[in-house]
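Note that the structure is a prediction, hence the values are computed from the model and not measured. A, B, ... follow the sequence lines: proteins, then strands. Residue 1 opens every chain.
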Amino acid sequence: MEEAPKQSYTPTEKNDIFNNEFLPHINSMYNFGYRLTFDQDDAKDLVQDTYLKAYRFIESFQQGTNAKAWLFRILKNSFINDYRKKTKEPSKVDYQEVETYYNSEEVDRQITPDLRVESLKDMIGDEISNALNSLDVDFRTVIILCDLEGFKYEEMAKILDIPIGTVRSRLHRARNLLKEKLSQHAKSMGYKNTEL
Amino acid sequence: MTNQVNPFILADGKKPSCMEMLQLILDGEASAEQQAYFKSHMDKCAPCFKTYDLDITIKELLKTRCCGDSVPAGLVDQIKNQISLNKAS
Ligand SMILES: [Zn+2]
């Protein structure tokens, strides 16, 4: 990720790094690929492509550093450069919104005052997953990285090539959108108000 | 009551909003000092108190409901084979 000096690994070391530092993340990588593309074959291609690239550029990887973040970054770049170009899916994030976030009084306003913990706990099927999948790709991505995979803001900034302030504001906006979706769903389940 | 300095205040002197503080807490990005400050803040701030539970619940549900699927069978072997082929060529 950083411009580290090139490493020099023996073939055995390369295999060790690949097997012990790269491959353990493959389930997370596949989940990421699938939630970006919603297609099993495309997800498989993205993951395979990522691992082939990781192996090819293994000498720019410093053993013992954050392999998972490095792999996520490669996959995200493959998605943008290869997949997105191919399918011409436009980016839909409202960047204006992101920029004005820090100077905005809106931040503290409660968007979904009627969403309750109890109604969330009753969503026992795919509701949460579907709500996540319904978000635009850039919002979906920050939630995947932060909440599903537990990356720190600093790591997310490096994976996504954006400043930490943008990570935070995009995450904030993504969560509000997610709450809106969940709130709509809760309403449709009949949680309109407290019991009459 | 002591006039506690808000440890969330940014380098530029701007006071962060409740939601900005809450987000740092939720994501494990707050220092011990910030955590202590927020804990006492929550006693006085109903919106934070309410949103905290909700946000924690959503974060936990995302983790448990949206992870855990395994990669399709055969993909790891496919990748390893491809690497061997590339090496041979
Ligand atoms: Zn508050």
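- For B:D27, the salt bridge (Lys or Arg N to Asp or Glu O under 4.0 Å) test picks out A:R175, B:K59, with sequence neighbours left out.
- For A:N130, no part lies near chain B; criterion is any non-hydrogen pair under 4.5 Å.
- Only the side chain of A:Y55 comes within contact range of chain B, with at least one heavy atom under 4.5 Å from a heavy atom of that chain.
- With chain B as partner, the option from A:N27, A:L23, A:D126, A:D49 having the largest number of non-hydrogen pairs under 4.5 angstrom is A:N27.
- Contacts between A:I26 and chain B at a heavy-atom distance below 4.5 Å involve backbone atoms as well as side-chain atoms.
- The aromatic rings of A:F18 and A:F22 sit perpendicular to each other, their planes meeting at more than 60°, with 30° as the lower class boundary.
- Of the two parts of A:L148, the backbone and the side chain both hold a non-hydrogen atom closer than 4.5 Å to a non-hydrogen atom of chain B.
- For A:L182, the part sitting under 4.5 Å from any heavy atom of chain B is the side chain, from C-beta outward, and nothing else.
- The pair A:E149-A:K68 meets the salt-bridge criterion, with a side-chain N (NZ, NE, NH1 or NH2) lying under 4.0 Å from an Asp/Glu carboxylate O.
- Contacts between B:L62 and chain A at a heavy-atom distance below 4.5 Å involve backbone atoms as well as side-chain atoms.
- If you measure heavy-atom distances from B:L26 to chain A, the contacts under 4.5 Å come from the side chain alone.
- For a residue to count as touching a neighbouring chain, one of its non-hydrogen atoms must lie under 4.5 Å from one of that chain's; by this rule A:N19 touches chain B with the side chain only.
- B:Y37 and B:H41 have parallel rings, their planes meeting at less than 30° on a 0 to 90° scale where 60° marks the start of perpendicular.
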